[in-house]
There are 2 protein chains.
Amino acid sequence: MARIVMKFGGTSMAGTERIRRVARIVQRQQAAGHEVAVVVSAMAGETDRLVNFCREASALYDPAEYDVVVASGEQVTSGLLAMHLQALGCKARSWLGWQLPVRTDDAFSKARIEGIDSAELLASMGAGEIAVIPGFQGLTESNRITTLGRGGSDTSAVAVAAAIGADRCDIYTDVDGVYTTDPRIVAKARKLKAVTYEEMLELASVGSKVLQTRSVSLAMKENVRVQVLSSFIDDDAPAADTIPGTMIVADEELEGYEMERQLITGIAADKNEAKVTLTRIADRPGAVASIFAPLAEANINVDMIIQNIAKDKGETDVTFTCPQADLARTQALLEERKDQIGWYRLIADSKVAKVSVVGVGMRSHAGVASTMFKSLADRGINIQAISTSEIKVSVLIDADEVELAVRILHTAYGLDAQ
Amino acid sequence: MARIVMKFGGTSMAGTERIRRVARIVQRQQAAGHEVAVVVSAMAGETDRLVNFCREASALYDPAEYDVVVASGEQVTSGLLAMHLQALGCKARSWLGWQLPVRTDDAFSKARIEGIDSAELLASMGAGEIAVIPGFQGLTESNRITTLGRGGSDTSAVAVAAAIGADRCDIYTDVDGVYTTDPRIVAKARKLKAVTYEEMLELASVGSKVLQTRSVSLAMKENVRVQVLSSFIDDDAPAADTIPGTMIVADEELEGYEMERQLITGIAADKNEAKVTLTRIADRPGAVASIFAPLAEANINVDMIIQNIAKDKGETDVTFTCPQADLARTQALLEERKDQIGWYRLIADSKVAKVSVVGVGMRSHAGVASTMFKSLADRGINIQAISTSEIKVSVLIDADEVELAVRILHTAYGLDAQ
């Protein structure tokens with residue numbers, strides 16, 4: 001017997017027929033002898049509908065009241081799933097965020113979970129009752145509803161799993177696991193049996209949108225084993241244990257899943273980057289700080305930074321990347337400070353993409369980066385910038401070449417399925 | 001300065017523009033110097049949508065989970081109205097049923113309010129904050145959501161008014177007050193300045209659907225002054241104080257409103273009755289009890305009962321009325337017990353209507369009933385059954401003659417507007 005948290009997103013909860021399917025999937029886990037808690041999202045489209053009402057009320061709406069409004073979507077689906085489970089003969093009940101409670105700080109609309117009181121929940125589950133918990137919502141110390149920010153239900157599920165000491169947190173999504181790369185780009189992409197928390201964080205940060213980054217960070221901190229698997233499995237199929245997705249686990253657990261671990265786990269591409277170059281910056285202490293301090297203050301996430309070797313006249317060019325969505329604000333901020341920073345030309349380019357190779361294996365192996373550079377150079381793909389972490393190498397290239405680059409690297413690192 | 005509870009129904013809360021109008025109406029009351037709490041229903045149609053999801057989940061859905069699902073509708077509108085009030089520059093916040101809390105018994109889906117903790121609420125209102133409270137919902141001692149049954153928001157409003165010692169509970173509806181009779185039947189019907197709780201209860205029980213009967217009973221018990229007024233007033237009009245609807249008050253307060261009180265306050269008609277006659281019942285002790293005991297057990301509300309004088313052979317006919325919606329069940333229950341009760345023929349007739357004259361004035365005046373019988377007889381309307389209470393006389397007549405009867409009586413008791 002295991003204790004399992006199952007999480008279903010909005011697409012899985014959109015309407016009576018789909019909730020009934022979810023109920024059957026949950027029922028099978030219980031029938032397999034497990035204690036089960038289920039975390040649910042609102043019906044697809046419902047949160048948008050509610051957010052729209054808030055925006056119509058006021059452009060500057062009160063985030064505390066916003067949370068009262070939008071938390072209702074998950075309240076509805078949790079009550080309905082409990083009913084559907086009961087209709088299948090299971091014992092089940094809903095536990096709303098304020099009932100457990102899921103304690104959060106008071107940062108309304110983007111709250112952080114501080115803890116979940118689990119005594120009542122564990123007693124109920126121990127008595128054979130399936131717990132249905134709305135994701136995304138919590139309660140402040142002053143007894144007001146909070147929400148965790150969009151997509152927060154993954155984080156709720158991991159937090160519940162941590163609180164009840166679950167053996168596993170299964171996140172049912174519209175993909176059936178984590179792949180070596182996007183299967184729409186590389187037909188020979190393989191589903192991974194397991195990745196580490198850090199790999200998942202790096203993959204998420206470079207555009208693989210399988211899981212909320214926050215939920216992976218929390219899983220790593222609390223050491224919760226997370227499984228990504230498909231909610232579109234045939235509901236007459238056996239329980240999820242026998243058709244696994246991808247496990248997300250700690251480094252030391254990895255060997256249990258992958259006998260022959262590749263050096264590189266996956267290749268990710270991110271087309272939402274933009275590149276900015278400022279020319280003829282004075283090559284003196286503090287010059288670079290005067291560029292990035294205002295961007296940091298404006299919450300603009302600068303990723304890659306390249307400072308060219310100082311040329312004649314004590315001047316240098318500085319290139320960096322930021323999210324495309326922030327490009328206009330970035331340009332405006334730099335224009336305002338043109339004299340103070342002392343740049344000559346500002347060149348913005350949003351036709352770039354970032355391609356990353358990720359893998360814990362590269363910690364112990366040299367040559368990962370040079371394989372990447374050589375493979376791309378052999379096919380004439382120009383690298384505009386480079387950044388690295390302990391388990392990742394990213395390069396910035398022309399946006400038109402991104403699919404080609406991913407395919408080249410997928411083959412070069414031996415990831416193609418046989 | 002007064003302390004006022006304002007209640008708005010689903011039609012008034014249906015969508016952004018209407019909620020904005022409600023916010024302006026509320027704002028005007030605060031601007032007039034009053035402390036204000038607002039009780040709101042879900043958007044029109046929303047509760048039906050949610051109930052439908054529950055029915056699709058299971059024909060025998062768990063009422064506790066039903067309450068989790070349907071209570072969300074009022075949660076949404078209370079958060080939105082608080083935002084709209086803030087957008088107008090008012091201080092405002094929502095107080096959900098579990099936050100106050102509104103304490104109820106655990107009769108899920110038809111709970112009764114046991115009390116409302118008002119200390120926090122009064123402190124907030126005293127600090128100039130408008131309290132927005134979702135109607136229809138409460139909390140059990142075991143920390144679970146309840147709802148009060150359909151239309152329960154009127155009851156919530158009265159309960160809040162009682163808890164905070166409000167000077168008045170204003171119920172905004174789609175009519176602008178209580179009339180001497182239905183203005184669609186009698187063009188000369190007059191809006192009443194005031195009626196007593198007991199009159200309102202009698203009017204409600206005979207088909208005047210202005211207010212939930214439960215809310216009037218509670219108002220009477222707690223001595224809450226209730227005002228029925230229109231939510232469709234021009235929102236540039238002055239505050240509601242100056243365009244009154246109908247006040248519902250205790251007997252002793254009535255004189256303050258109506259200088260020249262009529263003997264009869266109003267005429268009501270109810271077309272939802274059905275008549276059942278059982279012939280040749282044995283005229284012996286216990287015979288009648290054997291008819292009505294099973295109906296009472298089945299929660300069928302029998303209203304008028306007539307037992308004809310025993311004819312020859314020690315037999316009698318028994319006639320009674322019940323709601324049309326329960327007629328089929330009533331017939332089935334009686335058929336099952338035909339031998340036990342010992343009836344000969346069962347004659348059901350749903351083409352009947354009940355017309356009632358109501359007024360506290362009739363307590364001190366004889367002749368009210370005889371005026372009624374004579375006026376109807378003069379126009380050839382046959383009376384099939386009669387029932388009376390201290391402040392009401394009802395007669396059962398042919399359904400086709402109901403409008404005519406109401407007009408005749410409205411004139412006969414001097415209620416026609418000049």
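Sequence lines set the chain letters: A, B, ... in the order given, protein chains first and strands last, and positions in each chain run from 1. If you're wondering where the values come from, they're calculated on a predicted model, not measured in any experiment.
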### Summary
One option among A/Ala71, A/Ala23, A/Ser72 has the most heavy-atom pairs under 4.5 Å with chain B, and it is A/Ser72
### Query
For A/Gln75 and B/Val69, what are the C-alpha separation, side-chain angles and deciding distance, and is it a side-chain contact (heavy atoms from CB on, under 4.5 Å)?
CA-CA 6 Å; A/Gln75 177 170 329; B/Val69 173; over 6 Å; no
### Query
By number, which residues in residues 94-129 of chain B have some heavy atom less than 4.5 Å away from chain A?
B/Ser94, B/Leu96, B/Trp98, B/Gln99
### Message
Give the interface residues of residues 37-66 of chain B toward chain A, defined by a heavy-atom separation under 4.5 Å.
### Response
B/Met43, B/Glu46, B/Arg49, B/Leu50, B/Phe53, B/Cys54, B/Glu56, B/Ala57, B/Ser58, B/Tyr61, B/Asp62, B/Glu65, B/Tyr66
### Query
Is it the side chain or the backbone of B/Leu139 that comes within 4.5 Å of chain A heavy atoms, both, or neither?
side chain
